[in-house]
Amino acid sequence: NAAVDFIRHHVQVVLTPPVNAFTKFDLVDKSGRPIVASALRASAVLVTEDRRLRKEAAPYVQAVSASEAWRRCQNTP
């Protein structure tokens, strides 16, 4: 299954960093701060369907929708 292979090869699960690592992020919805901090700490692309979070995370990390992530992976050799 292509979706399972995609997840196996491209998804990384990381621990949430300590609170002091994400208080610097200026987001309207404060619940997004640990998510952005985790992506930054892992040098990862943040994949989310939350449009607001993608927009607010942009100054800190690369953030894309799931469909965009899928397109990018399909174009990777």
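Residue numbers start at 1 and run along the sequence shown. What you see is a predicted model, and the numbers here were worked out from it, not measured in a lab.
Summarising the geometry of E49 relative to S67, their closest heavy-atom pair is OE2-N, 4.2 Å, with the distance given to 0.1 Å. Considering every non-hydrogen atom in both P34 and T16, the closest pair reads CB-CG2, 3.7 Å. S38 approaches L15 most closely through the heavy-atom pair OG-O, 3.7 Å. Across L27 and A57, no two heavy atoms sit closer than the pair CD2-N, 4.3 Å.
When the shell of 6.0 Å around CG of D26 is examined, it contains 12 or fewer heavy atoms from other residues, nucleotides or ligands. For K30, the NZ atom counts as densely surrounded, since its 6.0 Å shell holds more than 12 non-hydrogen atoms of other residues, nucleotides or ligands.
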> Can you list the steps and then say if L40 with F25 is a side chain to side chain contact (heavy atoms under 4.5 Å, CB included)?
Replying inline: CA-CA 11 Å; L40 182 64; F25 300 109; 3.7 Å; yes

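Residues E56 and V28 have side chains in contact (heavy-atom distance under 4.5 Å, counting atoms from C-beta outward). For the pair L53 and V36, the minimum side-chain heavy-atom distance is below 4.5 Å. Residues L46 and V64 are not in side-chain contact: their nearest non-hydrogen atoms beyond the backbone lie 4.5 Å or more apart.
A distance-only check finds a donor-acceptor pair linking the side chain of R54 to the backbone of T48 [under 3.5 Å].
Cluster membership check: V45 does not share its hydrophobic cluster with Y60, using side-chain heavy-atom separations under 4.5 Å among Ile, Leu, Val, Met, Phe, Trp and Tyr. The cluster map of Ile, Leu, Val, Met, Phe, Trp and Tyr, joined by side-chain heavy atoms under 4.5 Å apart, puts V11 and V14 in different clusters.
Here OG of S65 is found 9.0 Å from CZ of R51. Values are rounded to the nearest 0.5 Å.
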